[in-house]
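Scope of the values below: all heavy atoms of this structure, side chains included, with no hydrogens, waters or symmetry mates. Order of the sequence lines sets the chain letters (A, B, ...), proteins ahead of strands, with each chain counted from 1. Please read all numbers here as calculations on a predicted model, not as lab measurements.
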Amino acid sequence: MSAETREKVYLAAADALDPAKTFECGQCFRWRADGDGGYTGVAFGTAARVWTENGTVCLDADGPAPWRDYFDLETDYGAISRDFLGVSPYMDECVAFGRGIRLLRQEKWEALCTFILSQCNNIPRIRGIVERLCAAFGQPVRFHGETLYSFPSAQVLAPLAPEDLAPLRCGYRAPYVLDAARQVAEGRLDLDALSGACCGDSLNALKCVSGVGEKVAGCANLFGLGHREAFPVDVWMRRALKAHFPPDFDPAVFGENAGLAQQYIFYYARSGGKENFV
DNA sequence: AAACAGGCCTAAA
DNA sequence: TTTAGGCCTGTT
């Protein structure tokens, strides 16, 4: 990519966007720390680096892409978070701990596909599988002297057979990914339309994909389709809810941005330590 | 060695 | 409607 199309942009004040928390809170799998306090990744087929300097977060991208939307910078997280306070002392801790997280508006197909691969897996292995998927079937993107890869489209994956995915070592999830790719490529699963539909309808449509249940559909809804009221519950969330919320607790009390509350709870449960669950 | 990992599927009560 | 067992692969 030529220097002419490269853009370095100011993203946000450092207290509004914490790259480390945002990229490592569990919502995405492709951004990696580069050792200099920055993160490098690919979205929209475009490579970028994000770092903090002098109290601001900057982005150096390989070309134009909707980065402000990607980082959800038009949303007032402070205002939303205030609505979560007072639910319980534990919830206050979650909000404080997660301050700086922004829910990325990831590409729809990537979100669906990566969370299919995430099931019953740990994060390092998920990241490995996703990187092998991109290296094998994505487009190469040169960036600062190294070769990165875009996320492969559903159209590229749809014609493949499970054996073609063997190098990924994703096990029994291979046919799940291919079913999803085919449904999307053939237009039977219209992710753009589902993004505009109501959360529940979208959830039910996603669950028609083999290997997509309540949790994976919830993650696709929240992280890819922009359904911010989605509240996916995995084992960590189940533990946190059981330990710190009433048995009949209804996440709907968190309102139309319940998904952010979910992320705060999840991130605190995972990073806050096992001592939360003794 | 055996259990477990950020689920889901199928079969069977 | 809920429950048990199995599933690829990798790590502890």
Practice prompt. Using atom CG of A/Leu178 as one end and atom C1' of C/dC8 as the other, report the distance to the nearest whole Å.
Written response: 15 Å
Discussion item. Determine whether A/Phe249 and A/Phe254 satisfy the following criterion, ring-ring contact (aromatic ring centres under 6.0 Å, His included), listing intermediate values before the conclusion.
Written reply: CA-CA 11 Å; A/Phe249 179 75; A/Phe254 289 127; 5.6 Å; yes
Distances under 3.5 Å only, N/O to N/O: pair up the protein atoms with those of nucleotides 1-4 of chain C.
none

Discussion item. Determine whether the aromatic ring centres of residues A/Tyr149 and A/Phe137 are separated by less than 6.0 angstrom.
Written reply: no
Fill in: Nucleotide B/dA5, atom C1' - distance to CH2 of A/Trp236 in whole Å
10 Å
Item to complete: Return yes if some donor-acceptor pair links the side-chain N/O of A/Arg68 with the main-chain N/O of A/Glu74 below 3.5 Å, else return no.
Response: no
Worksheet item: Of A/Asp60, A/Thr40, A/Asp34, which meets side-chain hydrogen bond (donor to acceptor under 3.5 Å, both in side chains) against A/Arg49?
Response: A/Asp34
Measure all distances between protein nitrogen or oxygen atoms and nitrogen or oxygen atoms of nucleotides 9-12 of chain C, and list the pairs falling under 3.5 Å.
{"residue": "C/dT9", "atom": "O2", "partner": "A/Arg125", "partner atom": "NH2", "Å": "3.2"}
{"residue": "C/dG10", "atom": "OP1", "partner": "A/Arg169", "partner atom": "NH1", "Å": "2.8"}

Worksheet entry | Distance in angstrom units between A/Asp234 CG and B/dC8 P, rounded | 10 Å
Practice prompt. Could you check whether A/Gly213 gets within reach of a base, just the sugar-phosphate, or nothing at all, counting any heavy atom under 4.0 Å?
Written response: sugar-phosphate
Worksheet item: Tell me: OH of A/Tyr172 to P of B/dT10, nearest whole Å?
Response: 14 Å
Discussion item. I'd like to know if A/Arg125 pairs up with A/Glu131 as an ion pair, taking the criterion as any Lys NZ or Arg NE/NH1/NH2 lying under 4.0 Å from an Asp or Glu carboxylate oxygen.
Written reply: no
Worksheet, complete the sentence: Under a 3.5 Å limit on both distances, the Watson-Crick or wobble mate of B/dG7 is C/dC7
Worksheet, complete the sentence: Between CD1 of A/Ile265 and C1' of B/dG6 the distance, given in whole Å, is 15 Å
Worksheet item: So what does A/Ile123 touch, heavy atoms closer than 4.0 Å: a base, only the sugar-phosphate, or nothing?
Response: base
Discussion item. For a quick check, tell me whether the side chain of A/Tyr176 and the base of B/dG7 share a donor-acceptor pair closer than 3.5 Å.
Written reply: no
Listing time: all N or O pairs from protein to nucleotides 11-13 of chain B that are below 3.5 Å?
none

Worksheet item: Just how far, in rounded Å, is P of C/dC8 from CG of A/Leu165?
Response: 14 Å
